[in-house]
Amino acid sequence: MKTSHLYRMRFTYPEGWSVSLAGPESSESQHFFIAEGTCEGKLAGRLRASNHPRRRGDGTFEPNFQGVIETADGAVIYHECRGYGRAYPPGRRQIVVSGFHLSDHAKYRRLNDVVTVGTGEVRAVSPDSSELVIDWYEVVWEPVAE
C-alpha cells in the first residue's frame, strides 16, 4: 500500500459535554465536543466540526467526527472520520483514524472517492486542555500484483 500526505489538521475542543455510563461493571462514557482549528498542506484553511465519541472502559475513545474545512481558496470540504484515540501514552495519546471527504469545488472534487488515513496525537497543553494534531494521507490505488 502506498500513501501520499494531504494535510495536517490541528484543533482544540473549546466546548464539550459528557454523560457517564459508569456503573458497577462499566466506566464508559459518551461525549459531544465542538472542534475548532486549522488545516495546513494540500488542504489549507479553517476547520469547524463536532465529535461525539464513546469512551470505552479501557480509556480508548472511538471518535465519530463530522465537520467542514473552509479552504483558503474558497472551497467547502465536508470531512468525516472514525477510528481510535488510544489511552496511551499519557500526555501524547495516539490517534489512528480513517476518513472521507466530499466537495463540489473543481479543485477538490477528486477527493470524493478517496479513502484517507490519519495518525496523530492528543497533546496535553495544560491539565484542562489539549491540542489534537492529525496528519492525513491519501491511500493511493495500485494494481493488485498477479
Side-chain angles (χ1 to χ4, degrees), residues 1-22 26-143:
M1 180 174 75
K2 188 166 79 172
T3 60
S4 174
H5 188 262
L6 284 173
Y7 63 99
R8 173 169 282 181
M9 177 185 283
R10 294 177 178 273
F11 62 94
T12 60
Y13 293 128
E15 294 183 83
W17 301 265
S18 65
V19 175
S20 175
L21 304 173
S26 174
S27 60
E28 293 186 10
S29 54
Q30 183 68 47
H31 300 260
F32 185 85
F33 299 116
I34 302 297
E36 295 182 355
T38 60
C39 299
E40 305 158 349
K42 293 177 185 172
L43 298 183
R46 180 178 123 171
L47 169 73
R48 296 294 180 264
S50 67
N51 186 10
H52 44 103
R54 178 177 74 101
R55 183 172 182 246
R56 301 186 323 203
D58 64 1
T60 297
F61 280 87
E62 294 180 347
N64 191 347
F65 189 95
Q66 293 88 29
V68 294
I69 301 165
E70 295 176 302
T71 65
D73 56 4
V76 173
I77 301 169
Y78 174 79
H79 171 81
E80 180 174 349
C81 78
R82 302 282 307 243
Y84 297 107
R86 297 174 176 154
Y88 52 85
R92 268 189 132 77
R93 297 186 332 246
Q94 299 172 359
I95 300 171
V96 181
V97 288
S98 62
F100 299 94
H101 298 79
L102 288 173
S103 182
D104 58 3
H105 191 281
K107 181 176 176 181
Y108 302 102
R109 193 172 292 127
R110 70 171 203 83
L111 296 174
N112 292 354
D113 64 357
V114 167
V115 174
T116 58
V117 293
T119 61
E121 300 174 336
V122 179
R123 297 177 176 171
V125 175
S126 71
D128 297 331
S129 67
S130 299
E131 178 186 46
L132 291 81
V133 180
I134 304 172
D135 278 331
W136 284 97
Y137 298 85
E138 174 181 351
V139 176
V140 179
W141 180 87
E142 295 182 303

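With hydrogens and angles left out, the side-chain atoms of His31 and Ser29 include a donor and acceptor closer than 3.5 Å.
Nearest heavy-atom pair, Glu131 versus Thr12, reported as atom, atom and distance to 0.1 Å: CA-CG2, 4.2 Å. A pairwise comparison of heavy atoms in Pro63 and Gly83 identifies CD-O, 3.2 Å as the closest pair. Between Ser130 and Ala124, the closest heavy-atom pair is OG-CA, 4.0 Å. The minimum heavy-atom distance between Lys42 and Tyr7, with the atom names listed, is N-CB, 4.3 Å.
Rounding to the nearest 0.5 angstrom, the gap separating the OG atom in Ser20 from the CD atom in Glu28 is 10.0 Å. Rounding to the nearest 0.5 Å places OG1 of Thr38 at 8.0 Å from CG of Leu47. Between Leu43 atom CG and Ile77 atom CD1 the span is 4.5 Å, to the nearest 0.5 Å. For the atom pair CZ (Arg92) and CZ (Arg123), the distance works out to 4.5 Å, reported to the nearest 0.5 Å. Atom-to-atom distance recorded for Met9:CE and Asp135:CG is 10.5 Å, nearest 0.5 angstrom. Note that CG of Leu132 is 4.5 Å distant from CD1 of Ile95, once rounded to the nearest 0.5 Å.
Tyr137 and His5 have perpendicular rings, their planes meeting at more than 60° on a 0 to 90° scale where under 30° would count as parallel.
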| task | Apply side-chain contact (heavy atoms from CB on, under 4.5 Å) to the pair Val122 and Phe61, showing each step before the final yes or no. | result | CA-CA 11 Å; Val122 179; Phe61 280 87; over 6 Å; no
| message | Checking Arg8 against Glu40 for the salt bridge (Lys or Arg N to Asp or Glu O under 4.0 Å) test, could you report, in this order, the C-alpha distance in whole Å, the side-chain angles of both residues, the deciding distance, and whether it holds? | response | CA-CA 5 Å; Arg8 173 169 282 181; Glu40 305 158 349; 5.7 Å; no
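The salt bridge (charged side-chain N to carboxylate O under 4.0 Å, His left out) check on Asp73 picks up Lys107, with sequence neighbours excluded. Partners of Asp58 according to the salt bridge (charged side-chain N to carboxylate O under 4.0 Å, His left out) rule, which considers only residues two or more places apart in sequence or in another chain, are Arg56. Every ring pair (Phe, Tyr, Trp, His ring centres under 6.0 Å) that Phe65 has, sequence neighbours left out, goes to Phe11, His79. Every residue was checked against the salt bridge (charged side-chain N to carboxylate O under 4.0 Å, His left out) condition with Glu15, not counting sequence neighbours, and none meets it. Looking at residues two or more places apart in sequence or on another chain, you find no salt bridge (charged side-chain N to carboxylate O under 4.0 Å, His left out) involving Arg93.
For the pair Trp136/Val97, a side-chain contact is recorded, criterion being any heavy-atom separation below 4.5 Å from C-beta on. Within the 4.5 Å cutoff, side-chain heavy atoms of Arg82 are placed close to those of Asn64. Residues Ile34 and Trp17 are in side-chain contact: their nearest non-hydrogen atoms beyond the backbone lie under 4.5 Å apart. A 4.5 Å side-chain heavy-atom check between Phe32 and His52 finds at least one atom pair inside the cut-off. Side-chain contact between Val115 and Phe100: present, with at least one pair of heavy atoms (C-beta onward) separated by less than 4.5 Å. In this structure the side chain of His101 never reaches within 4.5 angstrom of the side chain of Glu138, judged on heavy atoms.
Remark: side-chain polar atoms of Thr71 are not paired, donor with acceptor, to backbone N or O of Gly45 under 3.5 angstrom. Listed for the Asn112 side chain is a donor-acceptor partner under 3.5 Å among the backbone atoms of Ser103.
Salt-bridge annotation for Arg46 and Glu70: present, with a side-chain N of the basic residue lying under 4.0 Å from a carboxylate O of the acidic one.
Contacts classified as ring-ring contact (aromatic ring centres under 6.0 Å, His included) and involving residues 104-133 (residues at least two apart or in different chains) are given here: His105-Tyr108.
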